[in-house]
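Have a look at the structure below, then the notes.
Computed from a predicted structure; not experimentally measured.
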Number of protein chains: 2
Amino acid sequence: MVSQHTSRGPAPHGHVTLAQVAQRAGVSAQSVSNALNNPDRVAPETRKRILAAVAELGYEPNLSARALRNRSSSLIAFKMRPSRPDKASLLMDDFLYALNAAAVEAGYHLILCHAEDGQAGEIKAYRDLLKKTSIDAFILAETHRNDDRVAALRSWGVPFASFGRSWDGDDSLAWVDVDGRAGTRAATEHVAAQGHRRIGHIGWPAESELGQERREGWLEACRQRDLETDLQAAVVDSLEAGRQAAHRMLDSSRPATALVCASDTLALGVMRALHERGLRPGVDVAITGYDDSPTAALVSPGLTTLRQPIDEVGRHLIQAVDRLMAGDTRDPQHVLLEPELIVRGSSLPGPRTREP
Amino acid sequence: MVSQHTSRGPAPHGHVTLAQVAQRAGVSAQSVSNALNNPDRVAPETRKRILAAVAELGYEPNLSARALRNRSSSLIAFKMRPSRPDKASLLMDDFLYALNAAAVEAGYHLILCHAEDGQAGEIKAYRDLLKKTSIDAFILAETHRNDDRVAALRSWGVPFASFGRSWDGDDSLAWVDVDGRAGTRAATEHVAAQGHRRIGHIGWPAESELGQERREGWLEACRQRDLETDLQAAVVDSLEAGRQAAHRMLDSSRPATALVCASDTLALGVMRALHERGLRPGVDVAITGYDDSPTAALVSPGLTTLRQPIDEVGRHLIQAVDRLMAGDTRDPQHVLLEPELIVRGSSLPGPRTREP
DNA sequence: GCCAATCTTTTTAACGTTAAATCCCAGGAG
DNA sequence: CTCCTGGGATTTAACGTTAAAAAGATTGGC
């Protein structure tokens with residue numbers, strides 16, 4: 001079906017041009033352009049004839065020419081970050097896939113940025129890219145308070161949206177985010193429902209808005225059930241940090257029986273600590289993570305965690321910039337999505353292991 | 001340093017054009033173009049003046065205009081695949097990052113494709129993209145015997161290179177690959193050096209050229225040391241399949257004491273099986289994986305595995321298409337890189353756990 | 001001091017598209 | 001019958017770049 005008649009047109013490079021379609025339909029090139037872009041400027045009868053010719057020749061508008069003429073390339077740029085070895089692949093892979101799918105769906109293409117790490121380098125990369133390619137929009141990830149990138153993009157007047165809230169309470173920023181507070185609350189309530197009363201939290205330092213958000217979810221859930229909230233740690237996001245924090249909380253005089261973590265990486269550190277103490281995840285101590293990284297499903301027992309609705313995130317981000325590009329800047333999109341609790345063995349008391 | 005003088009030029013959209021530089025330097029636009037692209041066609045003195053003007057105005061050539069004129073966009077396209085939930089993120093993330101870094105380094109940009117799964121959909125996506133954007137080159141991943149994509153791209157005369165060998169012995173294909181045979185051999189020799197004599201292999205079905213390659217590495221190492229090779233399994237790449245295969249090999253009358261796997265996913269399945277039997281990875285049974293997925297470093301004990309030199313792969317792929325674009329088609333690049341054995345606890349006999 | 005040969009620079013045209021201006025023609029008002 | 005109106009088409013010009021052709025400047029030979 002697809003590849004039966006690949007080379008029907010006589011064009012040299014497989015390119016069919018507007019002029020060729022025009023000739024075929026017996027009209028001017030401009031009329032073809034109009035027929036496609038401003039349907040009501042051309043008589044219905046003519047339009048039909050033109051569309052037939054378009055279909056017949058398999059015409060596709062040349063994006064370079066369009067970009068040149070319109071100063072708009074239908075390209076959306078995104079900068080990847082190198083994945084850190086210690087981290088459980090922060091779902092960049094899936095995010096990128098989802099974002100690209102949504103972009104293509106909406107008639108755009110995703111182009112990747114590259115920059116030295118650090119704000120300055122990233123901003124420079126954006127500017128260079130803008131200078132030479134008339135990028136239509138940018139997608140940012142992991143924005144934080146007083147983000148220079150936001151300031152820069154805004155000062156240039158380029159449409160952009162962010163995966164991650166504006167923590168400055170800046171309503172003019174379009175963002176899509178996942179509700180870490182609700183997610184962590186759900187995880188905490190889940191382990192509480194298993195009968196746990198000493199529920200600790202291992203999260204990130206207070207500078208991290210995201211971490212703060214997640215910690216508050218845990219706090220809320222604990223307070224609502226009159227549970228103590230003395231077992232908490234604020235550490236960097238690494239397996240080793242999680243491991244050490246877990247040991248501390250288990251060495252306590254009234255040790256934790258459940259540990260709610262701000263990331264899968266930390267939760268895996270907890271699992272390692274349990275392993276070292278000969279304790280069984282789920283059976284002896286309940287553990288929950290956050291992100292549903294691939295690892296979460298692969299460890300034994302599986303790690304209970306929160307899955308971000310990443311497809312939705314992608315779709316909404318594209319929709320947000322799409323709207324901005326259409327000139328609708330009066331009411332930037334703010335979308336807060338709910339993560340989904342994925343329950344696995346690490347938080348269930350059921351027997352998971354055969355004793356030797 | 002970077003953002004101090006962002007808006008120096010008087011241009012409306014921040015775009016500096018060739019004509020503006022020309023005027024500044026007191027020459028024609030063409031001379032500026034020449035000074036940048038054909039340095040020897042312009043007198044040294046003039047060139048100096050022009051370059052000064054270029055630097056002063058911060059001129060960057062407009063890629064859309066170039067693309068239109070030259071039929072070449074300096075874009076390289078790559079199609080992502082959705083990550084399967086069960087698989088330990090097959091390093092797509094890192095690969096993409098490395099590929100993009102190399103592309104930017106070489107003056108290109110990476111653009112992402114999107115297509116329905118399946119060969120036909122992918123080919124159609126390539127053709128559409130080609131039709132409307134004059135992509136310079138394509139990068140393929142996971143090519144296999146009789147790959148339709150290879151045939152299609154070749155028939156269109158587009159430069160492309162593949163991450164993964166041509167298994168048809170087709171020398172005209174430019175590829176970069178990692179030597180799975182050598183890698184698996186190294187892993188096998190490593191466990192043999194720990195004193196293991198019953199070394200099993202869990203790999204993929206014979207249809208998979210990649211799997212076949214890895215299996216042969218194990219076979220070679222075993223034969224060289226006169227070890228039996230009866231313990232082998234060919235299964236799909238999933239944790240569950242690895243788990244079941246491991247159980248079979250441990251239920252054998254002369255059970256395996258070491259298991260060499262074709263992927264981290266399979267190896268994690270083995271770890272789960274051991275866990276179910278109350279056996280300790282490393283101590284009781286040695287395990288090795290393949291890919292050094294993020295998970296490998298995060299499980300307890302860490303998983304011994306093979307790391308693909310992904311940065312190198314990216315660099316060589318870009319170099320390969322770069323060369324093809326320069327018209328040098330007579331001698332397509334074939335690059336076979338060595339993976340690196342990463343030794344972790346899963347293959348070491350040392351005590352890894354504190355008994356309760 | 002004149003012509004040819006060479007080196008350097010400018011002019012012209014084109015890549016494919018589209019906004020803006022222009023042209024054309026049927027139908028209605030005066 | 002002329003003039004105006006306006007929908008519907010076409011022409012013009014421009015987006016920024018570069019290959020090719022043309023023009024201009026410089027040098028050397030005789």
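- Looking at which nucleotide of DNA chain D each of Ser64(B) and Val42(A) is closest to, the 5′-most match is held by Val42(A).
- Contacts between residues 31-41 of chain A and DNA chain D, defined by a heavy-atom separation below 4.0 Å, involve Ser31(A), listed by number.
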Extract all donor-acceptor atom pairs below 3.5 Å that involve side chains of residues 159-169 of chain A and protein atoms in other chains or at least two apart in sequence.
| residue | atom | partner | partner atom | Å |
| --- | --- | --- | --- | --- |
| Ser162(A) | OG | Thr143(A) | OG1 | 2.8 |
| Ser162(A) | OG | Gly164(A) | O | 2.7 |
| Arg165(A) | NE | Asp177(A) | OD2 | 3.0 |
| Arg165(A) | NH1 | Glu213(A) | OE2 | 3.0 |
| Arg165(A) | NH2 | Asp177(A) | OD2 | 3.4 |
| Ser166(A) | OG | Asp170(A) | N | 3.0 |
| Ser166(A) | OG | Asp170(A) | O | 3.2 |
| Asp168(A) | OD2 | Asn146(A) | N | 2.9 |

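- In the displayed structure, Gln23(B) atom CD is contacted under 6.0 Å by at most 12 heavy atoms of other residues, nucleotides or ligands.
- The two atoms that bring Gln20(A) and His15(A) nearest to each other are NE2-O, 3.9 Å, heavy atoms only.
- For the contact set between residues 43-53 of chain A and DNA chain C, defined by any heavy atom under 4.0 Å, there are no members.
- Partners of Lys79(A) according to the salt bridge (charged side-chain N to carboxylate O under 4.0 Å, His left out) rule, which considers only residues two or more places apart in sequence or in another chain, do not exist here.
- At most 12 non-hydrogen atoms from other residues, nucleotides or ligands lie less than 6.0 angstrom from CZ of Arg24(B).
- One end of the helix from dG1(C)-dC30(D) to dG30(C)-dC1(D) points its axis 70° away from the other end's axis, with each axis taken from 5 pairs and the angle rounded to 10°.
- Scanning for side-chain hydrogen bond (donor to acceptor under 3.5 Å, both in side chains) contacts around Asp136(B) gives Ser72(B), with sequence neighbours left out.
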Sub-3.5 Å pairs of nitrogen or oxygen atoms, protein against nucleotides 21-28 of chain D:
none

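- Using a cutoff of 4.0 Å between basic side-chain nitrogens and carboxylate oxygens, Arg145(A) and Asp147(A) are not scored as salt-bridged.
- The aromatic rings of Trp175(A) and His334(A) lie parallel to each other, with less than 30° between the two planes, well short of the 60° mark.
- Side-chain to base pairing of Gln30(A) with dA9(D): no donor and acceptor N or O lie closer than 3.5 Å to each other.
- Scanning for salt bridge (charged side-chain N to carboxylate O under 4.0 Å, His left out) contacts around Asp128(A) gives Lys124(A), with sequence neighbours left out.
- Residue pairs that meet the side chain to side chain donor-acceptor pair (under 3.5 Å) test with at least one member in residues 104-116 of chain B, sequence neighbours left out, are Tyr108(B)-Asp322(B).
- Among residues at least two apart or in separate chains, there is no ring pair (Phe, Tyr, Trp, His ring centres under 6.0 Å) pair with a member in residues 23-68 of chain A.
- For DNA chain C, the span of nucleotides reached by chain B at under 4.0 Å from its heavy atoms goes, 5' to 3', from dT8(C) to dG16(C).
- Looking at residues two or more places apart in sequence or on another chain, you find a side-chain hydrogen bond (donor to acceptor under 3.5 Å, both in side chains) between Glu122(A) and Tyr126(A), Arg149(A).
- Across Leu57(A) and Val16(A), no two heavy atoms sit closer than the pair O-CG2, 3.3 Å.
- In terms of heavy atoms, His316(A) sits closest to Gln333(A) at O-OE1, 3.5 Å.
- In terms of heavy-atom proximity, Ser64(A) sits nearest to Ser134(B) at OG-OG, 3.9 Å.
- For Asn70(B) and Val27(B), each mapped to the nucleotide of DNA chain C holding its nearest heavy atom, the one lying further toward the 5' end belongs to Val27(B).
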